[in-house]
Number of protein chains: 2
Amino acid sequence: MADQLTERSQNILEAIVEDYIASAEPVGSRAISRRHSFNLSPASVRNVMADLEDMGLLCSPHTSAGRIPTEKGFQYYIDTLLHVRDLNSNEKQNLRKSYRFQGMKMEDVMQEVGRVLSGLSKYTGLVMAPKFSSTVFRQIEFVRLSQGRVLVIYVSETGLVQNKVIEADRSLTAQQLEKISNYLNAELTGLSIQEVRTKLNQELQEERILYDQMKQQALKLSCAALQDEVENQVYVSGASLMLEQPEFSTPEQMRRLIKTLESKKLLVDLLDRSQLAQGVQIFIGSDSSHIDLEGCSLITSNFSNKKGAIGSLGVIGPVRMDYSQVIPIVDFTAQLVSRVLEREIE
Amino acid sequence: MADQLTERSQNILEAIVEDYIASAEPVGSRAISRRHSFNLSPASVRNVMADLEDMGLLCSPHTSAGRIPTEKGFQYYIDTLLHVRDLNSNEKQNLRKSYRFQGMKMEDVMQEVGRVLSGLSKYTGLVMAPKFSSTVFRQIEFVRLSQGRVLVIYVSETGLVQNKVIEADRSLTAQQLEKISNYLNAELTGLSIQEVRTKLNQELQEERILYDQMKQQALKLSCAALQDEVENQVYVSGASLMLEQPEFSTPEQMRRLIKTLESKKLLVDLLDRSQLAQGVQIFIGSDSSHIDLEGCSLITSNFSNKKGAIGSLGVIGPVRMDYSQVIPIVDFTAQLVSRVLEREIE
DNA sequence: TGTTAGCACTCTCTCTGGATGAGTGCTAAT
DNA sequence: ATTAGCACTCATCCAGAGAGAGTGCTAACA
């Protein structure tokens with residue numbers, strides 16, 4: 001349906017979208033005919049505008065206001081009119097310098113990425129850390145605490161750590177724990193955490209007729225430590241920047257936005273969805289299938305290392321976002337983070 | 001200065017504060033004389049009100065509105081008039097049931113505490129996790145990752161874990177790492193992490209004339225893992241609830257509030273301050289020495305275990321907060337968390 | 001046939017002024 | 001010491017007028 005637009009219509013649509021992105025206000029025919037040198041009178045522009053409105057690409061808040069792009073209009077703009085320029089090496093260098101990951105733990109890296117993303121884009125930054133279950137097992141350690149409590153520590157190939165305190169049989173000695181961990185380290189090496197989980201469960205099933213008390217203990221402990229993990233940690237940075245945007249200027253809008261950003265559930269959904277595809281993805285407004293993010297767009301990309309730990313990051317802004325500026329930032333940041341993660345294992 | 005108030009003045013002040021807490025609107029003399037059975041005419045109430053205003057306990061937004069308590073007024077109310085009722089055992093039981101800490105990692109516990117605190121109080125919950133450096137050393141572990149990178153894991157008595165990937169000399173073998181960890185575990189046992197840090201640094205100094213290559217490596221590794229730690233992790237929950245409060249109903253107020261809650265810096269300051277004292281503490285409005293929290297009050301308490309890991313939690317709400325309800329919640333929650341932490345080590 | 005000038009029309013936004021009502025401060029009476 | 005009475009102040013609400021921006025339509029034009 002898209003390319004039925006004449007060149008003139010496209011030019012005008014582009015002009016309207018861009019003016020609207022810059023001003024956040026309805027764009028009138030006069031303004032278009034003056035600011036852009038189409039050599040067309042306002043009246044002609046109006047005719048085209050009426051057509052675009054019929055197609056559902058524009059709409060007007062009321063009779064005597066200008067036009068604003070609909071979500072469909074933005075969609076079209078992004079699909080066919082937007083030219084995303086690459087960052088030049090200077091900008092890339094600057095971006096690289098913004099991030100200081102030196103000697104940071106994974107969590108801190110994620111938080112830092114969110115902060116910078118938000119700072120550069122002037123919108124809200126989102127980062128979803130790699131799920132632990134999608135990483136590759138490297139080592140398990142047990143630390144005896146007091147009163148039969150045992151701290152179980154899983155380490156992934158990438159150096160991610162997951163730990164949990166488990167109530168264990170008091171009779172377990174340090175020697176036994178060491179034996180257990182040796183056994184498991186041999187047994188589980190090379191599996192993904194997901195596989196580790198199923199394998200442990202299987203063996204626990206088989207061993208049900210507890211021939212080997214200790215082995216059973218071992219499996220139980222290790223299993224418990226992988227239970228009910230809060231996966232999908234999402235970091236949200238710069239929510240307050242969104243409140244500066246005119247589309248969130250009324251108390252009601254502010255409340256709703258903050259509530260949505262705070263609950264994080266929806267964000268996890270979207271970032272999860274984004275992981276299904278590759279490269280930069282854009283979700284526009286209620287296209288994202290949830291009213292709570294009405295008026296928002298989301299630009300995401302994924303990062304990963306060669307061992308499969310996958311996370312995603314992005315920027316959430318008003319639909320009227322400066323896509324040409326934010327897209328390259330998100331894109332390059334994702335690459336940057338990937339490279340950092342890879343450097344950490346390889 | 002405080003107790004120069006006659007009983008009648010006190011009663012009226014109390015009535016005003018409580019009506020204001022309930023309604024968020026200026027309280028008039030007529031309302032007071034009717035709602036509360038003082039058997040005083042509005043005119044008499046007005047006289048008292050005028051006195052209270054002179055003392056700086058009340059103020060009126062404009063001539064023909066009622067009075068609202070000043071911060072000083074709230075302070076007085078809290079210091080002398082407020083009766084904090086204890087929770088009855090039923091309520092305590094309910095509170096206990098709200099929290100499900102079963103098998104949670106410290107981080108998750110903290111987050112959960114914040115959420116519940118916010119949910120119960122209808123204001124914003126704050127939790128500052130115990131600083132790792134104030135905990136007691138239990139064990140150190142090294143995990144060799146690829147390319148000479150080593151994951152250093154510190155475990156505290158309480159089962160808290162701190163870990164970091166460190167770039168190490170490639171020649172380090174697994175055996176050597178094990179030897180190192182044995183050495184350190186013997187050496188450092190019983191020290192607080194703070195002490196561990198200084199001790200490592202001292203030894204590193206002494207050993208400078210590197211007699212013992214390996215020992216030096218050991219110290220360097222262990223030291224590096226304790227460097228630049230982001231302490232003072234603060235969890236903020238339910239910020240959006242504050243936006244429901246009438247005192248944050250204008251866009252400008254909302255923006256400022258969210259910005260402050262987001263930056264967390266100020267919150268860390270306040271929670272740090274709260275750790276200097278014991279029991280429930282209350283910071284009122286700009287008393288908290290920063291304009292950014294104008295209009296807010298903070299109710300905090302500390303939690304700890306016997307081994308000294310100390311954190312604090314609290315609720316941040318409008319100055320016009322329902323103190324009599326929130327204080328016991330904060331108080332009891334702090335006790336609850338302490339008990340949970342203690343159970344984990346003892 | 002596409003383009004444009006002109007014009008009536010619509011709708012929002014802002015400003016104004018008056019009415020309303022809540023609440024005060026003061027004074028004089030009890 | 002308390003209270004009734006009264007004049008006064010000020011925010012809030014509402015209606016109406018005027019301005020301004022922008023549209024749609026029609027008729028003229030190249």
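Letters go in sequence order (proteins before strands), and every chain restarts at 1.
B/Glu71 has no carboxylate O lying under 4.0 Å from a charged side-chain N of B/Arg320, or vice versa, which leaves the two without a salt bridge. Under 4.0 Å is where a charged nitrogen must lie from a carboxylate oxygen, and between A/Glu53 and A/Arg46 no such pair does.
Taking atom CG on A/Asp51 and atom C1' on D/dC25, their separation rounds to 15 Å, with Å as the unit. The nearest whole Å value for the distance from the CG atom in A/Leu58 to the P atom in D/dG24 is 11 Å. Put simply, CD on B/Glu7 is 18 Å from P on D/dA1, counting in whole angstrom units. Taking atom CG on B/Asp19 and atom P on C/dA22, their separation rounds to 17 Å, with Å as the unit. Between the CD atom of A/Glu25 and the C1' atom of C/dC11 there is a distance of 16 Å, rounded to whole Å. Between the CD1 atom of B/Ile32 and the C1' atom of D/dT3 there is a distance of 18 Å, given to the nearest Å. Taking atom CG of residue A/Asn47 and atom C1' of nucleotide D/dC25, one finds them 10 Å apart after rounding to whole Å.
For C/dT4, the OP1/OP2 oxygens have a side-chain nitrogen or oxygen of A/Ser44 closer than 4.0 Å.
Nearest-nucleotide positions on DNA chain D for B/Asn39 and B/Pro61 put B/Asn39 closer to the 5' end.
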Please enumerate all protein N or O atoms sitting under 3.5 Å from an N or O of nucleotides 13-23 of chain D, with distances to 0.1 Å.
from: D/dG22; atom 1: O4'; to: A/Ser64; atom 2: O; distance (Å): 3.1
from: D/dG22; atom 1: O3'; to: A/Ala65; atom 2: O; distance (Å): 3.3
from: D/dT23; atom 1: OP1; to: A/Ser29; atom 2: N; distance (Å): 3.4
from: D/dT23; atom 1: OP2; to: A/Ser29; atom 2: N; distance (Å): 3.4
from: D/dT23; atom 1: OP2; to: A/Ser29; atom 2: OG; distance (Å): 2.6
from: D/dT23; atom 1: O4'; to: A/Thr63; atom 2: O; distance (Å): 3.4

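Note on ring orientation: taking the six-membered ring where Trp is involved, the planes of A/Phe38 and A/His36 are parallel (angle under 30°, cut-offs 30° and 60°).
Atoms CE and OG, from A/Met242 and A/Ser118 in turn, are 10.5 Å apart once rounded to the nearest 0.5 Å.
Heavy-atom neighbours of A/Lys122 NZ from other residues, nucleotides or ligands within 6.0 Å: at or below the threshold of 12.
A donor-acceptor contact closer than 3.5 angstrom links the side chains of A/Asp322 and A/Ser324.
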